[in-house]
Amino acid sequence: MKRSYWEHMAERYNDEIFDVRRQDKKALITQAIKKYAHPSHRIIDIGCAIGKWFPVLSPLCKEVIALDISSANLKMAKASFSQLSNINYLQKDMSKPAVTLPVCELGICINAILTPLAKDRKIFFKNLSRCIARKGKLIVTVPSLESYLLSRRLQQEYDIDRSVFPKLSSPRKGLRNWNNLLQGVCDIDEVPHKHFLAEELQLLFSRAGFTPLQIQKIEYSWKTEFNQPPSWLRKPYPWDWMIVAERN
Ligand SMILES: C[S@@+](CC[C@H](N)C(=O)[O-])C[C@H]1O[C@@H](n2cnc3c(N)ncnc32)[C@H](O)[C@@H]1O
């Protein structure tokens, strides 16, 4: 996803973008932040968008670095949270090499590693390791490929929301979807987003200079996947992955 995609999204942000903080019913991400934050810390919120995590982060630390690729998102965040005096705003692209980054004791990166381009993700991971201090912690959530496939399996098996999931009619689209799927790239509202396997995350973070400490499901309601989920459909719920990792 290019910067322009996120800049244009800003004005529709609340309507279009999934609110992880609100949907994380067990507040597992907030719990992880509280576990690792310290009043002396600088915490970096990577891909902070319009600042949904600021009310959690700001009281827990000395300074919050609010980083996003989109200046429109940062402008909205600034306007909404002008009362929080320890937030510093930084417009940066984490998929650019040699970008200047602060080094922080704790980082969060909540559903921001979404780009379908492998080369951009590679640089993103490298930059994650550049902005976390040694022994510092990083809390990341990303879309789960396992969850995506489970949803599609259930949709087909039980014919859920038939009109929203029409049968594939074009071989060209089929080939595109197949090639994307092999890379863990699946469409959300017709926009390709990277989805991750749990074991893939372990490997990626290890290779980026982190020790994975914890990997956990952030579960949501089935209403986040389907307009009309069957009333019997409960567990397993759809989920994102949360990984907590320590910088080596
Ligand atoms: C789905 S939103 C998540 C927002 C927020 N973390 C939350 O939990 O509410 C993804 C955010 O990541 C930002 N983003 C995407 N790619 C980025 C990049 N390469 N560098 C910095 N920010 C990026 C987007 O601008 C957007 O604000």
Side-chain angles (χ1 to χ4, degrees), residues 1-10 12-13 15-20 23-24 47 49 69-70 93-95 109-125 128 140-205 207-208 215-230 233-243:
M1 286 133 172
K2 300 256 170 277
R3 178 175 167 195
S4 57
Y5 171 84
W6 292 109
E7 294 289 8
H8 287 122
M9 189 57 79
R12 294 174 282 130
Y13 189 92
D15 298 329
E16 300 277 344
I17 303 295
F18 186 73
D19 187 340
V20 177
Q23 299 289 348
D24 174 14
I69 193 174
S70 156
D93 180 352
M94 290 291 282
S95 292
C109 182
I110 310 298
N111 282 21
I113 315 172
L114 302 171
T115 174
L117 301 176
K119 72 170 176 34
D120 285 357
R121 284 196 307 276
K122 206 167 174 184
I123 303 169
F124 204 124
F125 273 88
L128 287 177
V140 175
T141 74
V142 286
S144 152
L145 184 57
E146 297 91 332
S147 177
Y148 177 90
L149 292 174
L150 175 67
S151 294
R152 292 305 167 281
R153 265 298 28 256
L154 296 177
Q155 189 280 320
Q156 292 233 320
E157 188 83 24
Y158 302 104
D159 210 9
I160 306 167
D161 288 353
R162 187 185 305 175
S163 59
V164 186
F165 297 91
K167 292 255 180 304
L168 206 59
S169 54
S170 135
R172 213 167 123 250
K173 201 164 180 201
L175 187 61
R176 169 215 179 250
N177 287 358
W178 173 245
N179 283 324
N180 277 351
L181 187 61
L182 292 178
Q183 301 172 64
V185 172
C186 315
D187 287 356
I188 301 178
D189 298 330
E190 305 200 16
V191 180
H193 287 69
K194 171 65 181 162
H195 291 59
F196 294 83
L197 300 166
E199 283 76 7
E200 179 185 11
L201 284 171
Q202 304 257 12
L203 201 62
L204 284 167
F205 278 96
R207 289 184 61 82
I215 181 151
Q216 212 170 345
K217 285 180 175 180
I218 304 298
E219 290 178 318
Y220 308 118
S221 143
W222 277 111
K223 291 219 166 101
T224 64
E225 289 291 310
F226 300 126
N227 294 331
Q228 291 184 300
L233 184 56
R234 308 254 156 93
K235 282 188 167 191
Y237 292 106
W239 72 95
D240 282 340
W241 287 121
M242 174 176 75
I243 183 158

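Nothing fancy with the numbering, it's 1 onward along the sequence.
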Value rounded to 0.5 Å, distance of CZ in Phe124 from CG in Leu114: 8.0 Å
Can you list every ring pair (Phe, Tyr, Trp, His ring centres under 6.0 Å) pair that touches residues 155-182, not counting sequence neighbours? Tyr158-Trp232
Listed by chain and number, what are the side-chain hydrogen bond (donor to acceptor under 3.5 Å, both in side chains) partners of Glu7, not counting sequence neighbours? Arg3, Ser70, Ser71
Against Phe18, only a single residue in Ile188, Asp189, Thr224 fulfils side chain to side chain contact (heavy atoms under 4.5 Å, CB included); can you say which? Thr224
Could you pull out all residues at least two apart from Asp19 that satisfy salt bridge (Lys or Arg N to Asp or Glu O under 4.0 Å)? Arg22, Lys52
More than 12 heavy atoms of other residues, nucleotides or ligands under 6.0 Å from CZ of Arg152: yes or no? yes
At their closest point, which heavy atom of Lys194 faces which heavy atom of Glu200, and how far apart are they? NZ-OE2, 2.8 Å
With Arg234 via salt bridge (Lys or Arg N to Asp or Glu O under 4.0 Å) - residues at least two apart: none
Rounding to 0.5 Å, atoms CZ (Phe196) and CD1 (Ile243) come to a distance of 10.5 Å
Asn179 and its side chain to side chain contact (heavy atoms under 4.5 Å, CB included) partner, picked from Leu181, Asn177, Leu175: Leu175
Kindly say whether Ile113 contributes a backbone atom to a donor-acceptor pair with the side chain of Arg121 at under 3.5 angstrom? no
Can you tell me how far apart CG (Leu150) and CD (Glu157) are? Round to the nearest 0.5 Å. 11.0 Å
Applying salt bridge (Lys or Arg N to Asp or Glu O under 4.0 Å) to Arg162 and not counting sequence neighbours gives Asp159
Mind checking whether Trp222 and Leu154 have side chains closer than 4.5 Å, heavy atoms only? yes
In terms of heavy-atom contacts, Thr115 and Ser95 come closest through CG2-OG, 4.5 Å
Look only at the side chain of Asn180 and the backbone of Cys186, and say whether a donor-acceptor pair between them is shorter than 3.5 Å. no
If the condition is side-chain hydrogen bond (donor to acceptor under 3.5 Å, both in side chains), which residues does Gln216 pass it with, not counting sequence neighbours? Gln214
Glu199: what forms a side-chain hydrogen bond (donor to acceptor under 3.5 Å, both in side chains) with it, not counting sequence neighbours? none
My understanding is that only residues two or more places apart in sequence, or in another chain, count here; which of them pass ring pair (Phe, Tyr, Trp, His ring centres under 6.0 Å) with Phe205? Phe125, Phe210
Pairing residues for Tyr220 by the side-chain hydrogen bond (donor to acceptor under 3.5 Å, both in side chains) criterion, not counting sequence neighbours: Asp240
Is it the case that over 12 heavy atoms from other parts of the model lie below 6.0 angstrom from the NZ atom of Lys217? yes
Between NZ of Lys235 and CD of Glu219, what distance do you get to the nearest 0.5 Å? 6.5 Å
Under 3.5 Å, side-chain donor or acceptor atoms of residues 140-149 against the rest of the protein: list the pairs with distances, not counting sequence neighbours.
{"residue": "Thr141", "atom": "OG1", "partner": "Asn111", "partner atom": "N", "Å": "3.3"}
{"residue": "Thr141", "atom": "OG1", "partner": "Asn111", "partner atom": "OD1", "Å": "2.7"}
{"residue": "Ser144", "atom": "OG", "partner": "Glu146", "partner atom": "N", "Å": "3.2"}
{"residue": "Ser144", "atom": "OG", "partner": "Glu146", "partner atom": "OE1", "Å": "3.2"}
{"residue": "Ser144", "atom": "OG", "partner": "Ser147", "partner atom": "N", "Å": "2.8"}
{"residue": "Ser144", "atom": "OG", "partner": "Trp239", "partner atom": "NE1", "Å": "3.1"}
{"residue": "Ser144", "atom": "OG", "partner": "Trp241", "partner atom": "NE1", "Å": "3.4"}
{"residue": "Glu146", "atom": "OE1", "partner": "Trp241", "partner atom": "NE1", "Å": "2.9"}
{"residue": "Glu146", "atom": "OE2", "partner": "Ala198", "partner atom": "N", "Å": "2.9"}
{"residue": "Ser147", "atom": "OG", "partner": "Trp239", "partner atom": "N", "Å": "3.0"}
{"residue": "Ser147", "atom": "OG", "partner": "Trp239", "partner atom": "O", "Å": "3.3"}

In the structure I gave you, are the side-chain heavy atoms of Pro230 and Ile160 within less than 4.5 Å of one another anywhere? yes
Is there a side chain to side chain contact (heavy atoms under 4.5 Å, CB included) between Ile69 and Met94? Walk through the geometry before answering. CA-CA 7 Å; Ile69 193 174; Met94 290 291 282; over 6 Å; no
I need the full list of salt bridge (Lys or Arg N to Asp or Glu O under 4.0 Å) pairs touching residues 169-182, with sequence neighbours left out, sorted by first then second residue. Arg176-Asp187
For Glu190, what residues pass the salt bridge (Lys or Arg N to Asp or Glu O under 4.0 Å) criterion, not counting sequence neighbours? none
Can you confirm whether Phe226 sits close enough to Leu233 that some side-chain heavy atom of one is under 4.5 Å from a side-chain heavy atom of the other? yes
